[in-house]
Protein chains: 2
Amino acid sequence: MKKAGACGNDPDTQLSSYFHLSWSTNRVANSSATIRDVAKLAELSVASVSRVLNGHGNVHADTRKRVLKAMDTLGYVPNAAARSLSTARSHAIGIVLPDLHGEFFSELVRGMDMAASDANYMMLLSTMHADRERAIQALSAMRGRIDGAIVMAPQLSPEDLRRALPAGSPAVLVNSPEEDGQHHNLRIDNRGGVTLMVRHLLASGRKRIVHLAGVAENLDAVERKQAFCDTMKALAPELPVRVLDGDFTDTGAELLVQQLLASGEEFDAIFAANDMMALGALKVLRTIGISVPGQVAVAGFDDIPLASFLDLTTMRIEISDFGKRAVERLVAELSNDAPPATLERVTPTLITRATTASG
Amino acid sequence: MKKAGACGNDPDTQLSSYFHLSWSTNRVANSSATIRDVAKLAELSVASVSRVLNGHGNVHADTRKRVLKAMDTLGYVPNAAARSLSTARSHAIGIVLPDLHGEFFSELVRGMDMAASDANYMMLLSTMHADRERAIQALSAMRGRIDGAIVMAPQLSPEDLRRALPAGSPAVLVNSPEEDGQHHNLRIDNRGGVTLMVRHLLASGRKRIVHLAGVAENLDAVERKQAFCDTMKALAPELPVRVLDGDFTDTGAELLVQQLLASGEEFDAIFAANDMMALGALKVLRTIGISVPGQVAVAGFDDIPLASFLDLTTMRIEISDFGKRAVERLVAELSNDAPPATLERVTPTLITRATTASG
DNA sequence: CTGAAAGCGCTTACAG
DNA sequence: CTGAAAGCGCTTACAG
């Protein structure tokens, strides 16, 4: 046997060490201590305990100290339900999302979590709400548990929202169709993104750009397609505007490109409405032996991890930022210092990579 | 201009239709209706309303009907906080996760959500808890809001858990090091997975298998590495056991493989501790012009989406199933009908693809 | 099968 | 600055 590599038990590989506990040590493991217990121990009224708990100013320094000490020795944690019942505030926000995949989901939630924990809110999450009824149910189920909601449910009308949410409770929409003036709506600037990409393709000398559109029911797909048509007409009225209707999947795109090739129609660029379709196109082109970007440039939209891995030119959407902004806006509304609700567009960035680089 | 593709506004592309509202129509938009209001309208006591609300048997059919009608006309939804305060049950579970990426996160949460909504529990989610302190804080912050928790925090000791959780409140661990007999612990069967893969590589005639290990602090990485060594010794004691210490990243793996190639050492298979490293290895081998799987077989672990896209042999972990099982177990504990806590291993499946197929 | 009443653990005017 | 007391909206023995 040759060198045995790094096998064997490495004594340094202690997975965790439980020594330096930095928590208070004199606690009694009694999680059911109530505010009354604290008051009794501190020889004060519950009102005073409540005051220090809530950081009210009008408390004597000594009182505060006694309360804090009592809380510590009892390991007191206020009961959130009781607090919520008293204040009519839960300090939680509801998040209702559809069945998002991979990075979209994780990045969105990551951004939301950052903003939420910064503002001291908890997140009540509910996912998988493909249709309107289920989204409404999910939202209704949160009533009384949340102070507001972030809703990503393109199928929901403002009217639906009004029904599902407690009256007057704020909500921020993400990628929703409607602007009703009531709810802030955060969306992708598809037009801006498409314009950047079309301009890039034209600048690199492409004359026959084919757009692979996404699912016809999808808001972004529709906007991207329309924006493609408009931009082409505006920037290069002499060129043909070619669109193939796809379904956002790589396999669907493969079929489309195969058909396109079979038809003998000429093209020197494919701009897909999302990265998966662009990758499907790429696969077919490479299999056939068409050089990319030599003969045909390929571009997508989203900048999923696969895109950078396979060096695909695309439009990057900062998804975590999206989630962060949504929560920040909601928190502002909860604090009553939000500007009027509008449709807010987040513009993606052009990421130029090998599949369009003319070099 | 040639055929214009499918541009233009398609009138069928109505994004949503808001007509067939299936909700009750006679509701008054008064979300602050309380159980007392319902009782008053139904001319009954709040106790009766509460009984039908909770589906208790001892209610006259007519009474039930009157209550339901009143609830409907008032658009009544019970206040969760009040309920929770009374019953000492929140019907929510806390989920504390580290900074997981992409599919891991989304699939895990998806599985949890499925199980949770099936059991009528809400999910209070908190992520990004890299270190012990933050995980403890996140968990503590949930006190009084949850009935139990799912915790994925390898750094947390059973003692930490006991501190952060309310006394006696159940928790299920995911991928945690300890078994304390108190908490159920769900983990990947790394040994089983590695054995399957090593057997597969040996069966396809590989003699010099190099294992790219993962981050040394990672539980799974350690187990996989150890399992690789053990399995090799057990199944093929005459063969060399070669391990290179990597870091779970593709770029890290690229460096390792480049060094390996430069060293002139012979090898005919690379078994990486995760897919990203396998893909990094693949990239280098292909760039150099080494045929895969002809000269060198490559295999990973995890079955991330990239793996199927790039036809990589790997071990598939059903992550959503993982999340689902964790919640189901927790719910069972909450219902007091869970078998004793154990260390439960979920075995991954071998997915044979082009990078090892000898055909 | 139904109702009056106590209690869950907090917060917050209201007096002092 | 502090305390006694009412109230948040439910549930649940306890009588009837």
Side-chain angles (χ1 to χ4, degrees), chain A residues 30-68 70-71 74-92 141-147 166-167 169, chain B residues 30-68 70-71 74-92 141-147 166-167 169:
Chain A
N30 175 9
S31 71
S32 54
T34 112
I35 195 174
R36 201 182 316 261
D37 299 325
V38 177
K40 201 166 292 172
L41 186 60
E43 296 181 298
L44 286 162
S45 73
V46 293
S48 288
V49 177
S50 178
R51 284 189 196 100
V52 346
L53 212 51
N54 292 286
H56 291 181
N58 47 351
V59 193
H60 193 89
D62 187 55
T63 304
R64 177 182 311 281
K65 208 172 290 176
R66 273 157 60 202
V67 169
L68 290 174
M71 295 202 312
L74 290 174
Y76 171 71
V77 176
N79 178 313
R83 204 166 208 174
S84 175
L85 181 57
S86 267
T87 59
R89 281 282 189 164
S90 65
H91 259 271
M142 289 179 171
R143 279 216 217 177
R145 294 172 177 271
I146 58 174
D147 295 335
S169 144
Chain B
N30 176 10
S31 72
S32 54
T34 112
I35 196 174
R36 201 182 316 261
D37 299 325
V38 176
K40 202 165 292 171
L41 185 59
E43 297 181 296
L44 287 162
S45 73
V46 294
S48 288
V49 176
S50 177
R51 285 187 196 101
V52 345
L53 212 52
N54 292 287
H56 291 182
N58 47 352
V59 194
H60 193 88
D62 187 54
T63 303
R64 177 182 311 280
K65 208 173 292 175
R66 271 156 63 202
V67 169
L68 290 174
M71 296 202 312
L74 291 174
Y76 172 73
V77 177
N79 179 313
R83 204 167 206 174
S84 176
L85 181 57
S86 266
T87 58
R89 280 282 190 164
S90 65
H91 259 272
M142 289 179 172
R143 277 218 218 178
R145 296 172 175 271
I146 58 173
D147 296 335
S169 143

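Model, not experiment: these values are computed from the prediction. For the numbers below, each heavy atom of this structure counts, side chains included, while hydrogens, waters and symmetry mates do not.
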query: In residues 38-46 of chain A, which residues come under 4.0 Å of DNA chain D by heavy atom?
result: A/Leu44, A/Ser45
- prompt: How many Å lie between NE2 on B/His56 and P on D/dC10, as a whole number?
  reply: 15 Å
What pairs of nitrogen or oxygen atoms, one from the protein and one from nucleotides 14-16 of chain C, lie under 3.5 Å apart?
none

field: Where at least one partner belongs to residues 41-59 of chain A, residue pairs that pass salt bridge (charged side-chain N to carboxylate O under 4.0 Å, His left out), sequence neighbours excluded
entry: none
statement: Pairs under 3.5 Å (Watson-Crick or G-U), crossing ones as [ ], inter-strand ones as |: DNA chain C comes out as |||.||||||||.|||
- prompt: Mind checking the P distance from C/dA13 to C/dG9? Whole angstroms is fine.
  reply: 23 Å
message: Whether the side chain of A/Ser50 engages the backbone of A/Val46 through a donor-acceptor N/O pair (distance < 3.5 Å, no angle test) should be reported.
response: no
message: Return the CZ to CZ distance between B/Arg83 and B/Arg89, rounded to the nearest 0.5 Å.
response: 13.5 Å
query: From A/Leu85 CG over to B/Ser84 OG, what is the distance, rounded to the nearest 0.5 angstrom?
result: 9.5 Å
field: Gap between atoms NZ and P, on A/Lys65 and D/dC1 respectively (whole Å)
entry: 15 Å
field: Qualifying residues under salt bridge (Lys or Arg N to Asp or Glu O under 4.0 Å), relative to B/Arg66, sequence neighbours excluded
entry: B/Asp62
Nearest heavy-atom neighbours spanning A/Val38 and A/Val67: CG1-O, 4.1 Å
query: Say you draw a straight line from CG of B/Asn79 to OG of A/Ser90; how long is it, rounded to the nearest 0.5 Å?
result: 10.0 Å
- prompt: Which is true for A/Ser48 with a 4.0 Å heavy-atom rule: it touches a base, it touches only sugar-phosphate, or it touches nothing?
  reply: sugar-phosphate
- prompt: If you measure from CG on B/Asn58 to OG on B/Ser48, what distance do you get to the nearest 0.5 Å?
  reply: 9.0 Å
task: Whole angstrom is fine here: how far is it from CZ in A/Arg66 over to C1' in D/dT2?
output: 11 Å
task: Starting at CD1 of A/Ile35, measure out to NZ of A/Lys40 and round the result to the nearest 0.5 Å.
output: 12.5 Å
field: Between C1' of D/dC10 and CZ of A/Arg145, the distance in whole Å
entry: 13 Å
- prompt: When all nucleic acid strands are considered with a 4.0 Å heavy-atom cut-off, which category describes B/Ser84: base, sugar-phosphate, or nothing?
  reply: nothing
field: Side-chain N,O (A/Asn54) to OP1/OP2 (C/dT11) below 4.0 Å
entry: yes
Every protein N/O lying under 3.5 Å from an N/O of nucleotides 7-9 of chain D:
unit_1, atom_1, unit_2, atom_2, d
D/dG7, N2, A/Ser86, OG, 2.9
D/dC8, O2, A/Ser86, OG, 3.3
D/dG9, N2, B/Ala82, O, 3.4
D/dG9, N2, B/Ser86, OG, 3.4

